[in-house]
Structures are given as C-alpha cells and as structure tokens.
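This one's a predicted model, so the numbers in the text were calculated from it and none came from an experiment. Side chains included, hydrogens not; waters and symmetry mates left out as well; all remaining heavy atoms used.
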Amino acid sequence: MAFIFKNLSLSSSVFFYAIPLLLSYLFMVSHSQYLTNPTPFSSINATTSNVSAGGQWVLLHKSIGVSAMHMQLLKNDKVILFDRTDMGPSNFSFPSGTGCRKYNDTHHRNRTITDCTAHSLQYDIISGNIRPLYVSSDTWCSSGALDPNGTLIQTGGYGSGIRKIRTVAPCDDGKCEWTELPVNLADGRWYASTQILPDGRVIVVGGRRAFSYEFYPKTDDVSSKRYYLSFLAETTDPYEENNLYPFLHLLPDGSLFIFANNRSILLDYKQNRVVKELPVIPDGIKRTYPSTGSSVLLPLKMKGSLDGSDKPEAEVLICGGSPPGAFNMSNLNRVFVSASNSCGRIKLTDPNPKWVMEEMPMPRVMSDMLLLPTGDVIILNGASNGTAGWEDAANPVFNPVLYKTYEPDPNLRFVVLNPSSTPRMYHSSALLLPDGRILVGGSNPHEVYNFTARPFPTDLSLEAYQPPYLGPLLAALRPSILTIEARDGIVSYGQMFSVTFMLSVYRADPGISVVLITPSFTTHSFSMNQRMVVLDVARLENLSALAYKIAAYGPPKTTVAPPGYYMLFLVHAGTPSHAVWVKVQ
C-alpha cells in the first residue's frame, strides 16, 4: 500500500493514516552506592495488564543483518542504519559481485580482507522493507545531522573515514545511496558530535585527541578551518578520556551548550569565545563517553503570547554515567562497578544557572534519552554496571523509565515501564518515529560480530516500544491530522498556519498543543540535534461533531528552531497524533 500511495499530496497522504484511526475512534465512542555486583534490574515490577499502563514491546525483525550502531530518521519515513566497515562481514550480503570492498585488517596481522556484505541499511518504517546500502569509508563511531533540505550530513569515523564527509539524501525511488564528498574535515573526527545551526550549517565538535570544532559545508577559507577549544583538552581524563561524544545543545539565544566529562560551557561559535563556564555537575560522576550517560534539551515552550515570544526557557537534563575509574576497572580488571542513578537538571536561561539533582529508580550507563511528543523523556537501553566499550558492562537494564518533565514533585517524576526481553548494551540505539513509537536496535559489545559470546552476543534484531500513550484505551483521545494549511507545506517563522484534525472526545482542560520535533541522529546514547518546540496556539475551532481546526504560530526565529524538516504532532490529554512532516523555514 505504501507504493500505491507514494505520489499522493501531503493532505491526501494524511488520510491514509487518519481513516483507520477514525474508525477506531467511532468504535471506542460506541546518586547510588557503588557496588561491584548489585542486583540486576531485569526483575523490576511493572504493570503488564494493558498497554496503557506500561507500554508494549513489539519485535519488528529478528535480524536485519546489520548492527544498528547509528540511526537517522529521514523525512520520507525511511531510517538509515549503519555500523562500521572494518569489523568483518555482516549478516546481509550484497548480490554476487557487487558491494565488495577490500580493507587492511589492522586488528589481525594486517591481513587484506574482501568483504561483500552490507554495513548500512535503509529501513522503511511503513512497509518494514530493508534495502542494503554501500558505504565506502569506515563510519565507526561517527556523527551526523540533517541539513535544511533533509539530507543526512554524516561526518568522521575511524581509519579511512576519520576525516570523511558523507551524505544520504531522502528519496522514494529506491535509488538513494551514500555519497562520499571530495572535501575532507579539517581534523580527525572519531567520537565527535554534531549540531545543526540557525543558518543551516553543521558544527562538528571534538573527537579523540581532536580538541577543536569546525563547520560544514566547506565553502571558503573560514569554513575550512578548525578552531581550537581548550575546554575539550581540559576535560580529558588520563587514559579514560571521559569527554568523547560531548553533549551539544543549541540554545534559543544562539549560543551552544557543550558538556564534556562533568563540566559544561556556553560557546559563541561565531566569535570563537566561551561566553560562560557553568557550575560543575555535583557528585563527581563522569557523564560522557566512555562513562556514557545521556542528555536532552527539554522542550522549548513558547510563552503563549500571540506575538510569537522568542524567549522560551531552556533546560538541559543529563542522566546516568559512571564514577571516576570505572572504565579502568571494567576494561583492565573486568570489575564492573555500579553506574550512577543520578540526573542533573539545569535551567540555562537563569541569570545564575545551577544544577538540581534527581535520582532515577535504578543506575544506568549507555542509556538513550528521547523526547516524546508529550514533552516527557523516555530513558531506555543500557546497563547498570560498567561503562561503554567492548565487553565493559554487565547487568542490562530492561525497563524503560519515563521522566515526567512537567511534574512539579520530583519524587513523582520517574515511572518504571514494561521491560524488554532483549539486552541492549554497547552500540545499541533508539529514535522516535512519526507514529509515536520508539525504534530500538543494535547491541554489539564485541570487536567483531559474535553470535556465540556469553552473556551478550551480537544482536541484529529491530524492535519497537509503544509508550503508554499508544494504548487502546486512549484511542478516543488521540487526534488524527487531516490537513495542514500552510503554503507548500512550509511552516514559516512567526507566521500563522492551521491544522485540521479529527477527535472523538475533546477535553477542554488540557486542550490541544502543537509541537515540532526534529528527527535526531542517534549513536552511543546521544541523540544529536534532538529538539522539541511547543508552539503558540492562536485559536481552536470546532468545525463539526468530530472535526476541529487549530491555528498556531511558527517558531519565532531560527535559534529556537533551525531550518529543516520536523515532525508535527498534535497532543491532546497526553495523547499524541501521528505526526505529519513539515518544513520550517
């Protein structure tokens, strides 16, 4: 059916999703102690009587053939997944005589290896179909971002790929492939992070022994330079490092929040100047790779004014990580100390920002943190002991945790959800899909694919977690978008646009919110470029018994929402619609 409907217009394609939902609606109407071997958290109780209580896990593919080390959702409802090219053959072979590469296996006496298997895939989230993609240079532990046209700009890696820039454009003809650009990065970018900027450029920050940042595209002498950032050198721990894959968040004032190890700064990247050094996060926990925690910029909420207020509060939440020395203990001594159960939340728009500490129900390392359309944060994957790295962790955490962003009582913010049955350890990833599900894959804590290793063999499965808001008991509260009234499907800065939708049961108290969420690039427990903007609502009209129209204002400026493609959700009574893709410019 996806093939039949592929050429429909935006508004028509929305009916493809809306009709079954409408029929369903009508039917409904009629810091912890650091112990060496704590109890695993696989047995935490969560209500399983219905999906609305704790969510539900669904296996999509037992094996996709490639370990999902990196993931990027594109605007055509395709996901690009890839691992690395120097780890030996995957479980997905190209047709005979195609897609072969030769590389020097430096891990095993410099043998020359011929590999005719795929190390990248395109996954269609509607049909479930998988298509192999050929990637030339090594993408191991790399980074990425979408440009304003929705093309994946993918940077760095290892060995042959450490300075490479690659792209994948979204297309529906089944012919899009990786393109490796002739221009290189100025510095080696292995374990670097990226962030889309207000002008559509991408900033690439850090990497192993790369204490600098640079920009893409490489259009002139200025953009071809690298800029030294002493903060990255200062946050490097001897041997352990603990400052790789730094957390990056673009703030509404245009400055860049950079967090590495346990410290953070605000950077004016235009002037190559540190604007502010923020307080060290309390408790001494290391938060970035390999003591891998995770970080999100909490939803940017407009003030509710009809003039498009441009000063939303900006808060960052960082959770999990490991204590000092944890990587040495696990990597050298095979002793897996307890991860941290602490989170730090900081309001960066305050005159004197300070960390406020909270505690998760369990310790976590290598967990993914994703923004949900409701504004809450889901924390999933990872382990309770050890650090990131090959075979450097133990005791997988099977239960996701919901962080209720707007709950005023900190003691009630964390909710333990239903567990998965699949360990998602090192090199696993997750991302939000337009239908509100969470796509989860990966877990290969080994140097190569190893399907007999115990206790954690390489896992090539792909599954989806359905959060509680997708439970059948909430179907009558779920909006179904019919049309977007915006010229050419474009949401313009500060301009009003309208959304027509169906809703069976309307609750005026919570009302309807209009939110934009970026499709993020996820790897190593950090979803780069992740962003949610809650728009100003101008008015809501009741058109008929089940039909409504809501008018909202586009984001006020590019520092609040950089140009590009977003998933637009309507959220009613804690229940999100299926998203529609819109372009913000």
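The residues Asp172 and Lys78 are annotated as salt-bridged, a charged nitrogen and a carboxylate oxygen being separated by less than 4.0 angstrom. A salt bridge is defined here as a Lys NZ or Arg NE, NH1 or NH2 lying under 4.0 Å from an Asp or Glu carboxylate O, and Asp435 with Arg437 meets this definition.
With a 6.0 Å radius and a threshold of 12 heavy atoms from other residues, nucleotides or ligands, Lys276 has its NZ atom above the threshold. More than 12 heavy atoms of other residues, nucleotides or ligands lie within 6.0 Å of NZ in Lys583, so this atom counts as buried by the packing criterion.
Partner Leu462 forms a side-chain contact (heavy atoms from CB on, under 4.5 Å) with one of Ile64, Ile130, Val440 and no other, that one being Ile64. Screening Phe259, Phe247, Tyr245, Phe521 for a ring-ring contact (aromatic ring centres under 6.0 Å, His included) involving Phe526 leaves a single residue, Phe247.
Using a distance-only test at 3.5 Å, with no hydrogens or angles considered, no donor-acceptor pair links the side chain of Arg539 to the main chain of Lys549. Of the possible donor and acceptor atoms, none in the side chain of His427 sits under 3.5 Å from a partner among the backbone N and O of Met69. A donor-acceptor contact shorter than 3.5 Å links the side chain of Ser525 to the backbone of Met366. Of the possible polar contacts, one joining the Ser577 side chain to the Leu570 backbone as a donor-acceptor pair under 3.5 Å is found.
Counting only residues at least two apart or in different chains, salt bridge (charged side-chain N to carboxylate O under 4.0 Å, His left out) contacts with residues 396-413 comprise Glu358-Arg413.
Under the ring pair (Phe, Tyr, Trp, His ring centres under 6.0 Å) criterion, Phe497 pairs with no residue at all, not counting sequence neighbours. Residues satisfying the ring pair (Phe, Tyr, Trp, His ring centres under 6.0 Å) test with Tyr548, not counting sequence neighbours, are Phe501, Tyr506.
Leu370 approaches Ile438 most closely through the heavy-atom pair CD1-CG2, 3.6 Å. Across all their heavy atoms, Val560 and Leu300 have their closest contact at O-CD1, 3.7 Å. Taking all atoms of both residues into account, the shortest heavy-atom contact from Ser295 to Val316 is OG-CG1, 3.6 Å.
Ring-plane geometry between Phe257 and His249 is classed as parallel, the angle between the planes falling under 30 degrees on a 0 to 90 degree scale with a further cut at 60. Under the 30°/60° scheme for interplanar angles, the aromatic rings of Tyr465 and Trp57 are found to be tilted.
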